[in-house]
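Within every chain, numbering begins at 1; the chains are lettered A, B, ... in the order of the sequence lines, protein sequences first and strands thereafter.
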Number of protein chains: 4
Amino acid sequence: MNTTATHQPKFRRRAAARPDELLNAALDLFIENGFAATRVEDIAKRAGISKGAVYLYFSSKEAILEALVRRAVVPVAEGAMAMVETYTGSVREAITMAFSVLAMRLSEPRLIAIPKLIMHEVTQFPELAQMYREEVIERAKPALVALIEKGIASGELRAVDPELAVRSIVGPVALHVLMAEVFGIVPEGGLQLDKLVANHLDILFDGLCAEPRGVDEGGADG
Amino acid sequence: MNTTATHQPKFRRRAAARPDELLNAALDLFIENGFAATRVEDIAKRAGISKGAVYLYFSSKEAILEALVRRAVVPVAEGAMAMVETYTGSVREAITMAFSVLAMRLSEPRLIAIPKLIMHEVTQFPELAQMYREEVIERAKPALVALIEKGIASGELRAVDPELAVRSIVGPVALHVLMAEVFGIVPEGGLQLDKLVANHLDILFDGLCAEPRGVDEGGADG
Amino acid sequence: MNTTATHQPKFRRRAAARPDELLNAALDLFIENGFAATRVEDIAKRAGISKGAVYLYFSSKEAILEALVRRAVVPVAEGAMAMVETYTGSVREAITMAFSVLAMRLSEPRLIAIPKLIMHEVTQFPELAQMYREEVIERAKPALVALIEKGIASGELRAVDPELAVRSIVGPVALHVLMAEVFGIVPEGGLQLDKLVANHLDILFDGLCAEPRGVDEGGADG
Amino acid sequence: MNTTATHQPKFRRRAAARPDELLNAALDLFIENGFAATRVEDIAKRAGISKGAVYLYFSSKEAILEALVRRAVVPVAEGAMAMVETYTGSVREAITMAFSVLAMRLSEPRLIAIPKLIMHEVTQFPELAQMYREEVIERAKPALVALIEKGIASGELRAVDPELAVRSIVGPVALHVLMAEVFGIVPEGGLQLDKLVANHLDILFDGLCAEPRGVDEGGADG
DNA sequence: AATGAATGAGAATTCATTCAT
DNA sequence: TATGAATGAATTCTCATTCAT
């Protein structure tokens, strides 16, 4: 937000910081109570300003929701899949690495909150889902698909359908998080995403079946 | 409406059917517009009765939602995993069979609608999620876990973490449906759940990796 | 409102009478405080119902204003100038008669209130003025113009511009009322519209009449 | 905007002109949108200053309206009817002359705007109407009444009621303007006040003039 | 069992006005 | 003088729920 020479205005009250503070406050409350059940006044109060002041920064409650998603979407879209595209070494390593990053991100409550929020409000505001799809999913998915295609071409992977394989790769992690967030099904000891990822990658790459493999069943636990 | 000469035929006399008709109407509307945006009067109108009459059958709008979930939950919970528990033959066959049933169910709009609805409204009504968890998930999951444990014990499967493996099994399908329902990401030609399932089971059982395998049957296309 | 057989529903609360009661209440308050300063709740209270019930009958506050004007406009438009069109005898008699009717109408507070209301709110709701113009003015004016034209043709009146002469006929009465209503300039003893009309007609006709004049230069065009 | 190196020129330094600039801006906006629909910020923006600065010059929005009327009222009241009072020659000439001045004034949008504004806002701010009455109407009217009385006394005019005759004189012009301003009824080719005045005076005087009549019954009362 | 008129709490939004800078 | 961020009172409209009929 700052450019280089840092002695940012201090007069102008704090107009510059406000929008972000408001979005943070709104995100907290939307997560907690949902969009509909959150009153503009609540957002204002949590941000430490008055109800009216909110409208100095956002034209409506819905505009807050939209800005929230947009703000979250931009950085993800930017650097997100860069690493996958520039991987060196095996596909297995690349995906493993990607997952370690993904797992880390999914553990940050304020990041995972955005897709969750979209899930909740998609009925009322389909444009949010569209924005998320365009900015995040449609960028990340091709990167993974390309990765798989390269793996197949190089002979590292079997000839599976790359598009659908992406579901097999990402789905278990998504479900794990969803179960926790929506249905409150959390393993003892917390999400333990790393454990899930390890188990999942093991299955993913080497298969569930024991027999056909000559080598190393080794297993799931990290 | 009539006052003195009263012997109104009033074709509608199947009061017993009413609750179900109301739930059907409500489900349609909840799916379409979400719970909050659906007015009780809309439900009444679609069910062909008056707004006031709704309250003869349900004590509140929320009670309708709850009844909706309860109604959907019971049959699923009952017969659902029976087949898995009584499987004969290999684990691979059992899971494949289970998936073919699951895929069929997920294709029925009125069935998939329920977990979707819960996803949307869980913030407002956590008890719905709890009910679903208790009645559906907590019954289905142990069945699958047991299946995997048996497979491991019999040597058919490698020694993975059974709890987490369930995510690897179900996750991709869940994600596929979620992508379609929430983000509108539908493959050309429709959901094509069968194709996804085939590809997924192939990966699941035999792994993505080509090399270690002696046999490569080439995979994905169903 | 009634058709012939009169034993109107008495159940249905009193839905049939409500809109009119509401309009009456609204008119009173709009006159007293203006449109903007009248709260919907005030209207409801005066009509003896709740705020919410107002919206069962009118979709918005503005809709009330519009209905108010429309209601007032219809009957005026209907029978209003019929008498002028079917006059027998001299133009002087016809206009004199018309004025006696007009004066009577202008004395009814609830009738004069409508154009006053329009005057006040025309800036916010130009469509009201348009409606009034189309329904009332554009019907009444041609009737008077025609009357004058006939008078000129028959030699009873001098050759003045009929369109503009209408202003000379109606203007003084309008101004009299306006002065009273807007600026509170009321002659001692009340409006005394009859006295004004008598004086005005006297002036008007002894200028309009051709006879006493030796010369008739034909008048109006500058 | 500047922070440390402060010697802002700030070209605007004619504080003395500000109130008038504000009133001009306000008048424009009040005419266009009405008092209620005009925001203080709009006035400020049009006057080229900040919202807050408005309150350095006027204590409230209402005070602006009041000042507006007061400013308009003073000059009119001062020189307005002087000419009528000092007329020489016939009453007919004096009134004709007065009308030519009046017509000119009524054509100036910013002058006619004031009584229009009062008309619109009189319900909310009756004191405006009172001010206008006292300062403008109550000065102009007596001048005209006196004029007529003199005319009657000198035998130039018939014995009409002078007070009421003023309505006959001014009313048509007022109505003409009102029709245009409120109901949008404008003759083809614009207001054409001169044409109306010519026609009106023709009608007016050949009724007011005593001469052509053989008999003078004296007229007006009832 | 059924109606639909009526209620009233509740929330978003606007804008005149204040005040720290 | 001047700014513009901040305030908060005020008002429209919605809709779940009740109840007289």
Side-chain angles (χ1 to χ4, degrees), chain A residues 9-16 18 36-44 48-62 64, chain B residues 1-3 8 10 12-15 18 36-44 48-64, chain C residues 9-16 18 36-44 48-63, chain D residues 1 3 8 10 12-15 18 36-45 48-64:
Chain A
K10 265 171 208 144
F11 11 81
R12 293 189 161 263
R13 228 61 67 99
R14 26 185 321 180
R18 276 289 144 74
T38 299
R39 298 197 319 262
V40 171
E41 186 159 17
D42 297 334
I43 300 172
I49 62 174
S50 75
K51 186 177 29 159
V54 173
Y55 288 87
L56 296 174
Y57 301 101
F58 298 97
S59 64
S60 72
K61 193 181 163 190
E62 191 180 336
I64 296 177
Chain B
M1 220 120 263
N2 215 317
T3 52
Q8 298 131 305
K10 215 124 205 183
R12 303 227 159 216
R13 259 303 122 100
R14 48 222 167 117
R18 277 289 150 71
T38 298
R39 302 196 313 258
V40 171
E41 186 160 17
D42 296 335
I43 300 173
I49 62 173
S50 76
K51 187 173 29 161
V54 172
Y55 287 85
L56 297 173
Y57 300 101
F58 297 97
S59 64
S60 73
K61 192 182 166 188
E62 191 181 335
I64 296 176
Chain C
K10 264 171 208 142
F11 13 78
R12 298 188 157 261
R13 231 61 67 98
R14 23 187 323 178
R18 277 288 145 74
T38 299
R39 299 196 319 262
V40 171
E41 187 159 16
D42 297 334
I43 300 173
I49 62 174
S50 75
K51 185 178 31 156
V54 172
Y55 289 86
L56 296 175
Y57 301 101
F58 298 97
S59 63
S60 72
K61 193 180 163 191
E62 191 180 336
Chain D
M1 232 119 251
T3 54
Q8 298 130 306
K10 216 123 207 185
R12 302 230 158 212
R13 259 301 121 100
R14 55 236 157 108
R18 278 287 152 71
T38 299
R39 301 195 314 259
V40 171
E41 186 159 18
D42 296 335
I43 300 173
K45 197 170 294 171
I49 62 175
S50 76
K51 187 173 32 161
V54 171
Y55 288 85
L56 298 174
Y57 301 102
F58 297 97
S59 64
S60 74
K61 192 182 165 189
E62 191 181 335
I64 297 176

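Comparing C:A53 and A:S60 against DNA chain E, the residue whose closest nucleotide sits nearer the 5' end is C:A53. Comparing D:E62 and C:G52 against DNA chain E, the residue whose closest nucleotide sits nearer the 5' end is C:G52. Nearer to the 5' terminus of DNA chain F, by closest-nucleotide assignment, is the contact made by A:G48 (compared with the other of A:G48 and B:V40).
Between C:A37 and C:D42, the shortest heavy-atom distance links the atoms O-OD2, 4.5 Å.
Residue C:S59 is classed as having no contact, given no heavy-atom separation below 4.0 Å to the nucleic acid. Residue B:K61 is in sugar-phosphate contact alone, with no base atom involved, counting any heavy-atom pair closer than 4.0 Å across all strands shown. Within 4.0 Å of C:I49, counting heavy atoms only, lie sugar-phosphate atoms of the nucleic acid but no base atom.
Consecutive Watson-Crick or G-U pairs involving DNA chain E, each under 3.5 Å on both distances, make up stems of three or more pairs at E:2-21 with F:2-21.
Closest contact between the side chain of C:S50 and the listed nucleotides F:dA5, F:dC13, E:dG8 involves E:dG8. Taking every side-chain heavy atom of B:L56 into account, E:dA1 is the closest of F:dA16, F:dC13, E:dA1.
Using a 4.0 Å cut-off, no side-chain N or O of D:R18 falls inside it from OP1 or OP2 of F:dT1. Considering only side-chain N and O atoms, B:Y57 lies under 4.0 angstrom from the phosphate OP1 or OP2 of E:dA2.
Remark: P of F:dT12 and CZ of C:F58 are 16 Å apart, rounded to the nearest angstrom. Distance B:I43 CD1 to F:dA16 P: 8 Å, rounded to the nearest Å. Rounded to whole angstrom, the span from the OH atom of A:Y55 across to the P atom of E:dA16 amounts to 17 Å. Summarising the geometry, the separation between CZ on C:R39 and P on F:dC13 is reported as 14 Å, rounded to the nearest angstrom. As rounded to whole Å, 13 Å separates atom P of F:dC13 from atom CD of C:E41. As rounded to whole Å, 14 Å separates atom C1' of E:dA2 from atom NZ of B:K51.
Atom OH of C:Y57 sits about 5.5 Å away from atom CZ of C:R18, to the nearest 0.5 Å. Atoms CD and NZ, from C:E41 and C:K51 in turn, are 5.0 Å apart once rounded to the nearest 0.5 Å.
For the pair C:L56/C:I49, no side-chain contact is recorded, criterion being any heavy-atom separation below 4.5 Å from C-beta on.
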